[in-house]
Amino acid sequence: MRLVRDLMIPLADIPLVREDSTIRDAMIALNKVRHVQPEGRAPLGTVFVVDDKSQITGKLGPFACIKALGGAFQAVEASRDLSRAGISTDSIATIRDHYRFLQEAISDMCGRASSILAKDAMHPIFESIHADASLQEAVLKMGAWNTLSVPVIKGNEVVGMLRLLDLFREVSNVVVSHPEECE
């Protein structure tokens, strides 16, 4: 029986960024390790965020970065609610003017990536899975948590990360290679 530890990415292979690092710093850290993944393993897309005591407090991946960089889009969408609340069209136009970046190139997001802190964009970590847990348990928990990755612990210490991608690859390999058990 395979266990979570058989699929996890060891902590030593996962970039760590401090809470006061920027999204740009996290992207740089990911780019450094992207090309050094073992054969057959998809590139890493998540960094762990650590506090000043080197304790992991969150994770930062592509979705969190994009969401943070585009966060002001939500403010423009909120203008509909402002209109319904009786805010004048002139005031709403002023708000839209402040969010002119909607027309800018992606390369112009560099300034925002250099000003948004990891702690403000990260997904706080509330869940973890034990290294000795079964893959069946991992399937159930990750599905229930609706997450793409989860820290792997041994005792109270984080020792790695399990990605949904790796878990799915393992499960799909079993399903495909044992069709008689799937009917």
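Residue numbers run from 1 in the order of the sequence given. Excluded from the calculations below are hydrogen atoms, water molecules and symmetry mates; all remaining heavy atoms, backbone and side chain alike, are included.
Rounding to the nearest 0.5 Å gives a distance of 11.0 Å between NZ of Lys32 and CG of Leu30. In this structure, Gln136 CD and Lys141 NZ are separated by 13.0 Å, a value rounded to the nearest 0.5 Å.
Atom CG of Asn146 is surrounded by 12 or fewer heavy atoms from other residues, nucleotides or ligands within 6.0 Å. A 6.0 Å sphere centred on CD of Glu157 holds no more than 12 heavy atoms belonging to other residues, nucleotides or ligands. Other residues, nucleotides and ligands contribute at most 12 non-hydrogen atoms within 6.0 Å of the CG atom of Leu148.
Inter-residue side-chain proximity for Phe48 and Val17 is flagged as unmet; no heavy-atom pair is nearer than 4.5 Å. Leu44 has its side chain within reach of Met161: a pair of non-hydrogen atoms, C-beta onward, lies under 4.5 Å apart. Counting heavy atoms from C-beta outward, Leu117 and Glu19 have side chains that stay 4.5 Å or more apart. Residues Leu16 and Leu11 meet the side-chain proximity criterion, which asks for heavy atoms closer than 4.5 Å.
A salt bridge links Glu170 to Arg2: at least one charged side-chain nitrogen sits closer than 4.0 Å to a carboxylate oxygen.
Checked by atom type, the side-chain pair Lys59/Ser149 shows a donor-acceptor distance below 3.5 Å.
For the side chain to side chain contact (heavy atoms under 4.5 Å, CB included) with Val152, the lone residue among Ile9, Val4, Leu7 that qualifies is Val4.
For Thr147 (side chain) and Val150 (main-chain N/O), no donor-acceptor pair under 3.5 Å exists by modelled atom type. Arg24 places no side-chain N or O within 3.5 Å of a backbone atom of Ala113 that could act as its donor or acceptor partner. The backbone N or O of Ala42 sits less than 3.5 Å from a side-chain atom of Arg163, completing a donor-acceptor pair. Between the side chain of Asp6 and the backbone N or O of Leu3, at least one donor-acceptor pair lies under 3.5 Å.
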I would like to know whether Asp51 and Lys53 meet salt bridge (charged side-chain N to carboxylate O under 4.0 Å, His left out); could you show each step before the answer? CA-CA 5 Å; Asp51 62 16; Lys53 295 179 180 113; 5.9 Å; no

Pair Val49-Arg18, side-chain contact (heavy atoms from CB on, under 4.5 Å): steps then yes or no: CA-CA 6 Å; Val49 181; Arg18 294 175 41 90; over 6 Å; no

